[in-house]
> 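Below is one structure. I have some questions about it.
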Amino acid sequence: MTRPRTTSEKSCKACRGNHYVLDNREGRLRAAVCECFVCTACGGRGHVFAEDETGVSFLQECECAELKKSLDRFNDANLPGKYLETQFDTYHPIGSQANKLALRIARDFVKDFDKEPQCGLLFMGTPGVGKTHLAVSILKALLLEKGVHGKFIDFFQLLSDIRHGYSQDLSEQAIINPFVHAPVLVIDELAKGRNTEWELTMLDQIISNRYNAADKVTIFTTNYTDEVSQPDRGKKTKDTRVEFSRSDASQSWAGEETLEEKVGDRIFSRLAEMCRFVKMEGEDYRRAMAGKSAPRSPGPGK
Ligand code: ADP
């Protein structure tokens, strides 16, 4: 996003010179122009006079309108309010090189987004390792820094919205279309739940549509792995699945099933084509931090 000329100060405690502030309003993340922001080019009118080559004056949109558009896009992204503090700088990779690598992949994804066509990402790993944290950090950065349109959806919530829609005479298409068409879409908690035939049909509709559109990027998170066996984390059962101790949440994946078994071959093979698989591992961050003081923020330049 081009930075308009402003009187906004880096020392503004509310926005730190970003020109916008985020807020959790009724469970949704909302962005608004910071009070310190005054555009010196248009004085807040949103348009300026310009001259064409023959010297005739005309009104044109001021550069600061771009800021407002990007905040409108942010407010349309369906981001839950609980992700107010979620960003790259608040992610502290602990326990595993895999998580450091995941952070680097996520940051590079944003950095390179407008340089080259990106394939999607699928963050997989045990609960609480920060998969959603990284997926949301990517989406927030793309919306606020790269002028991208994007949306967030918890897959479980989407299914519940569709069911609710039926009772309001709303078709499933009406509910899922905004997500199908979003240029960037984060689908959280892929494969959570029973994955009934109906649930998989809904998932297939979204994935197939996005798979067939070359300009759409999808980022997923899932508690399921693509691997059939992880010898260091459990023992193989007769049918080559892995058993984990359910009493130790830090060691267990979502269960004995793989992602492919949960979503079926067709959806899985599409996911494999659409996405780079990013594996994360380790303890549930909240458990790891319980009783410990949170690590200091590494600050900029990490
Ligand atoms: P997952 O999607 O892997 O189940 P989440 O991203 O939802 O996990 O993380 C659960 C909570 O722990 C969130 O509040 C998240 O911000 C926090 N969290 C997880 N990992 C980290 C981390 N490495 N650094 C900072 N916060 C983390």
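Counting convention: from 1, in listed order, for ligands and their atoms alike.
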> Of the backbone atoms (N, CA, C, O) and the side-chain heavy atoms from C-beta on, which set of Y285 has a member under 4.0 Å from an atom of ligand 1: side chain, backbone, both, or neither?
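It is the side chain that gets close, since no backbone atom is under 4.0 Å.
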> Apply salt bridge (Lys or Arg N to Asp or Glu O under 4.0 Å) to R73 and E66, showing your working.
CA-CA 10 Å; R73 284 193 290 265; E66 210 33 63; 3.6 Å; yes
> With a distance cut-off below 6.0 Å to the six-membered ring centre and an angular limit of 45° from the axis, does K192 pair with F156 as a cation-pi contact?
yes
> Is there a side-chain contact between L79 and K140, using heavy atoms and a 4.5 Å cut-off?
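Contact flag for L79/K140 side chains = yes.
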> Would you say ligand 1 has an N or O under 3.5 Å from any N or O of I94?
no
> Just say parallel, tilted or perpendicular for the rings of F37 and H19, cut-offs at 30° and 60°.
tilted
> Pair E189, K131 - check salt bridge (Lys or Arg N to Asp or Glu O under 4.0 Å), show working.
CA-CA 9 Å; E189 300 280 18; K131 302 178 299 293; over 6 Å; no
> Report yes if some N/O of D188 lies less than 3.5 Å from some N/O of ligand 1; otherwise report no.
no
> Applying the side chain to side chain contact (heavy atoms under 4.5 Å, CB included) criterion to F113, which one of V148, I138, D108 satisfies it?
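That would be V148; it is the only one of V148, I138, D108 passing the side chain to side chain contact (heavy atoms under 4.5 Å, CB included) with F113.
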> What residue and heavy atom of the protein are closest to atom 24 (N) of ligand 1, and at what distance?
H92 N, 2.8 Å
> How far is atom 2 (O) of ligand 1 from its nearest protein heavy atom, and which residue and atom is that?
T132 OG1, 2.6 Å
> With heavy atoms of P127 as the reference, note each atom of ligand 1 found under 4.0 Å away.
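Counting from 1, the qualifying ligand atoms are 4 (O).
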> For T90, take its heavy atoms, then give the atoms of ligand 1 lying under 4.0 Å from any of them.
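That gives atoms 24 (N), 25 (C), 26 (N) of ligand 1.
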> Could you tell me the residue and atom name of the protein heavy atom closest to atom 3 (O) of ligand 1, and the distance to it rounded to 0.1 Å?
K131 NZ, 2.7 Å
> Is any side-chain heavy atom of H181 closer than 4.5 Å to a side-chain heavy atom of R210?
no
> Would you call E61 and K69 a salt bridge, using N to O less than 4.0 angstrom?
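A salt bridge links E61 with K69.
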> Does ligand 1 have a heavy atom under 4.0 Å from the side chain of N99, from its backbone, from both, or from neither?
neither
> Any N/O of R286 closer than 3.5 Å to an N/O of ligand 1?
no
> Distance below 4.0 Å between atom 14 (O) of ligand 1 and any protein heavy atom?
no
> Can you check whether H133 has an N/O within less than 3.5 Å of an N/O in ligand 1?
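There is such a contact, yes.
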> Provide the number and element of each atom of ligand 1 under 4.0 Å from a heavy atom of Y91.
20 (N), 21 (C), 22 (C), 23 (N), 24 (N), 25 (C)
> Closer than 4.0 angstrom, basic N to acidic O: yes or no for D23 and R30?
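Looking at D23 and R30, the cut-off is not met.
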> Provide, to 0.1 Å, the distance between atom 4 (O) of ligand 1 and the closest protein heavy atom, together with that atom's residue and name.
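Going by distance alone, atom 4 (O) of ligand 1 is nearest to G128 N, 2.8 Å.
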> Would you check the N or O atoms of T86, main chain and side chain alike, for any that come under 3.5 Å of an N or O of ligand 1?
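No, there is no polar N/O contact under 3.5 Å.
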> Identify whether the distance between the nearest side-chain nitrogen and carboxylate oxygen of D89 and R107 falls below 4.0 Å.
yes
